[in-house]
Amino acid sequence: MEFAPDKPRWRQVAELIRGRIEDGTYPPRTRVPSVVQLTAEFGIANATAHKVLGGLRAEGLTYTEPGLGSFVSPADTPPPERVPEIQDAQPAWRKVATVMAARIAEGDYPVGAPVPSVARLSSEFGISASTAHKVLAHLRDKGLVRAEVGLGTFVAEPRR
């Protein structure tokens, strides 16, 4: 594949995979290429491949089963709730941190509840592990979450 220089590669690969889903190459409930397969086929980085899968998932075209891979969503699956667009000029970690802070504020994660792990954040948002660590560090710095060594990260009691 020859990449256009003025468009992010992950978007170009996602368009191609979206086309394969639409033309039936990947029918509903079948696997789409994994990160490893995407990197091999398109010569892209792991992080780029994660963005491809995250973008397709955000559109509702695919869903991920941990340990199994990503699959084409059934035709009768409603699209996911759209997260409000955040300025593209922001770094990825800040975008994800903003979404996570909103989820905590809205009660999606109540006080004491575990928040997604680094691996889960990476998978859900198509970000690298280091970016996910930055997200959790930012949320800790803001007092929104607390880490318990060996147990995970949990929603913190609101500061008074």
Side-chain angles (χ1 to χ4, degrees), residues 8-11 13-15 17-18 21 26 28-39 44-160:
R9 287 184 178 199
W10 76 267
R11 289 187 193 274
V13 173
E15 282 177 13
I17 301 298
R18 185 181 310 106
I21 291 169
Y26 304 129
R29 298 191 182 280
T30 61
R31 278 188 62 158
V32 294
S34 67
V35 168
V36 172
Q37 291 167 322
L38 289 172
T39 60
I44 56 177
N46 279 354
T48 304
H50 278 286
K51 283 184 181 180
V52 170
L53 295 175
L56 295 170
R57 189 172 41 253
E59 289 179 49
L61 293 174
T62 63
Y63 63 95
T64 301
E65 287 296 334
L68 296 176
S70 294
F71 298 84
V72 177
S73 297
D76 60 348
T77 302
E81 237 179 80
R82 300 301 295 171
V83 174
E85 280 297 316
I86 303 168
Q87 278 188 328
D88 273 348
Q90 292 182 342
W93 73 266
R94 186 167 299 278
K95 292 177 188 180
V96 175
T98 300
V99 170
M100 291 303 298
R103 289 179 181 176
I104 291 168
E106 292 168 4
D108 291 349
Y109 301 106
V111 172
V115 295
S117 66
V118 166
R120 181 82 177 178
L121 287 173
S122 296
S123 173
E124 181 179 348
F125 292 98
I127 58 176
S128 68
S130 62
T131 301
H133 279 290
K134 225 182 231 187
V135 169
L136 293 175
H138 177 75
L139 296 173
R140 270 193 311 276
D141 291 346
K142 294 293 183 189
L144 295 173
V145 300
R146 60 181 166 70
E148 292 187 25
V149 178
L151 296 176
T153 305
F154 303 86
V155 176
E157 290 279 341
R159 290 183 179 168
R160 298 176 199 255

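Here ring pair (Phe, Tyr, Trp, His ring centres under 6.0 Å) pairs that include residues 55-74, with residues two or more places apart or in two chains, are Tyr63-Phe71.
The side-chain heavy atoms of Leu61 and Val72, taken from C-beta on, include no pair separated by under 4.5 Å. Between Asn46 and Thr39, the closest side-chain pair of non-hydrogen atoms falls below 4.5 Å. Residues Met100 and Tyr109 form a side-chain contact, since some pair of their non-hydrogen atoms from C-beta on lies under 4.5 Å apart. Put simply, the side chain of Pro91 does not reach to within 4.5 Å of the side chain of Lys134, judged on heavy atoms.
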Trace of the side-chain contact (heavy atoms from CB on, under 4.5 Å) decision for Arg94 with His138: CA-CA 8 Å; Arg94 186 167 299 278; His138 177 75; 3.9 Å; yes
side-chain contact (heavy atoms from CB on, under 4.5 Å) between Val115 and Val155, worked out: CA-CA 7 Å; Val115 295; Val155 176; 3.7 Å; yes
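For Ala113, the side chain to side chain contact (heavy atoms under 4.5 Å, CB included) partners are Pro110, not counting sequence neighbours. Residues meeting the side chain to side chain contact (heavy atoms under 4.5 Å, CB included) test with Pro8, sequence neighbours left out: Trp10, Arg11. Residues that satisfy the side chain to side chain contact (heavy atoms under 4.5 Å, CB included) test with Ser117, not counting sequence neighbours, are Ala119, Arg120. By the side chain to side chain contact (heavy atoms under 4.5 Å, CB included) test, Ser128 pairs with Ser130, Thr131, sequence neighbours left out. Partners of Arg9 according to the salt bridge (charged side-chain N to carboxylate O under 4.0 Å, His left out) rule, which considers only residues two or more places apart in sequence or in another chain, do not exist here.
Under 4.0 Å is where a charged nitrogen must lie from a carboxylate oxygen, and between Arg18 and Glu59 at least one such pair does. The residues Arg103 and Glu124 are annotated as salt-bridged, a charged nitrogen and a carboxylate oxygen being separated by less than 4.0 angstrom.
Taking NE2 of His50 as the reference point, atom OG of Ser34 lies at 9.5 Å (rounded to 0.5 Å). Separation of atoms CD1 (Ile104) and NZ (Lys142) is listed at 13.0 Å; rounding is to 0.5 Å.
For the residue pair Arg31 and Tyr26, the shortest heavy atom distance occurs at O-CD2, 3.9 Å. Across every non-hydrogen atom of Ala156 and Val111, the tightest pair is O-CG2, 3.9 Å. Considering every non-hydrogen atom in both Leu121 and Ala132, the closest pair reads CB-CB, 3.9 Å.
Applying the side chain to side chain contact (heavy atoms under 4.5 Å, CB included) test between Thr62 and each of Val52, Ile21, Ile17 identifies Ile21 as the sole match.
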